[in-house]
Structure formats: C-alpha cells, structure tokens
Amino acid sequence: MIDFFKKVMEQALDLELTVRFTKQDGEWFAALGNELDGLSLEELKKYRAELEARLCDMDEEEPEDMVGEAFERWADAHESLEDLLSEVEDRIDELT
C-alpha cells in the first residue's frame with residue numbers, strides 16, 4: 001500500500017496534478033485530477049485539508065520498526081505526500 005501512495009504522489013508531483021485519495025471498504029483508491037494552477041483558492045484549501053487528513057492516516061500506519069525496509073518505504077511515501085502538500089501551500093501563498 002505504501003508503494004501505491006508513493007507512486008501516485010510522485011506522478012502527481014511530476015505532472016503538477018492533484019491526487020485524490022479515498023478509502024472504501026478498507027481499500028485505498030487514488031485519482032489524478034486538475035492542475036494545481038487551475039484550482040481556485042477555495043479548492044486549494046479543501047485539497048490541502050484532504051492531504052493533511054491523508055498525512056494523518058499515514059501517521060497512524062507508521063511501522064513500529066524504524067530500521068526495516070517497510071519503514072523506508074513508508075518514510076519515502078510520507079515525504080512525497082509532504083512534498084505535495086508543500087506544493088499546494090505554495091500555490092495558496094501565491095494567491096493570497
């Protein structure tokens with residue numbers, strides 16, 4: 001699952017697109033969407049809230065073993081999500 005998050009977030013960053021994560025019946029889904037530049041300030045704020053919620057979800061799934069490969073994958077995916085959140089916050093700053 002962590003690899004799934006990381007791959008989708010990297011694609012979104014490369015293409016400067018939004019990515020929407022949803023969880024339904026215990027399964028995660030993702031969809032790439034509009035370019036960040038095309039979103040209104042209100043849409044960007046909602047997107048930021050979604051990303052912050054997904055970051056909290058990931059924090060709850062942090063592996064206990066901070067030395068293993070699972071932690072490395074989790075940390076890479078977590079960092080990618082933080083980078084995406086930073087891009088959104090930069091765009092919000094540009095508009096305010």
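Note that this is a predicted model, so its numbers are computed, not measured.
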Using 0.5 Å steps for rounding, measure from the [atom1] atom of [X] to the [atom2] atom of [Y].
X: Glu87; Y: Leu44; atom1: CD; atom2: CG; result: 11.5 Å
X: Leu17; Y: Leu36; atom1: CG; atom2: CG; result: 7.5 Å
X: Leu84; Y: Glu89; atom1: CG; atom2: CD; result: 10.5 Å
X: Leu15; Y: Glu10; atom1: CG; atom2: CD; result: 11.5 Å
X: Leu81; Y: Glu52; atom1: CG; atom2: CD; result: 10.0 Å
X: Glu43; Y: Asn34; atom1: CD; atom2: CG; result: 7.0 Å

Please report the closest heavy-atom contact between [X] and [Y], naming both atoms and the distance.
X: Met9; Y: Ala77; value: CE-O, 2.9 Å
X: Leu95; Y: Leu39; value: CD1-O, 4.2 Å
X: Leu32; Y: Ala12; value: CD2-CB, 3.8 Å

Validation row: Tyr47, Leu85 side chains within 4.5 angstrom (heavy atoms):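 Sidechains of Leu85 and Tyr47: no contact.
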Show me, pair by pair, the donor-acceptor contacts under 3.5 angstrom made by side chains of residues 65-74, not counting sequence neighbours?
| residue | atom | partner | partner atom | Å |
| --- | --- | --- | --- | --- |
| Asp65 | OD1 | Val67 | N | 3.1 |
| Glu69 | OE2 | Arg73 | NH1 | 3.2 |
| Trp74 | NE1 | Met58 | O | 2.9 |

Ion pair check, Arg54 and Glu50, cut-off under 4.0 Å: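 Glu50 and Arg54: not salt-bridged.
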Any pair counted as salt bridge (Lys or Arg N to Asp or Glu O under 4.0 Å), so long as it reaches residues 76-86, sequence neighbours left out: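 Listed by first then second residue: nothing to list.
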Short side-chain to backbone donor-acceptor contact, Arg91 and Asp37, under 3.5 Å: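 Confirmed, Arg91 side chain pairs with Asp37 backbone.
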Glu94 atom CD, neighbour heavy-atom count above 12 within 6.0 Å: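 Result for CD/Glu94: enclosed.
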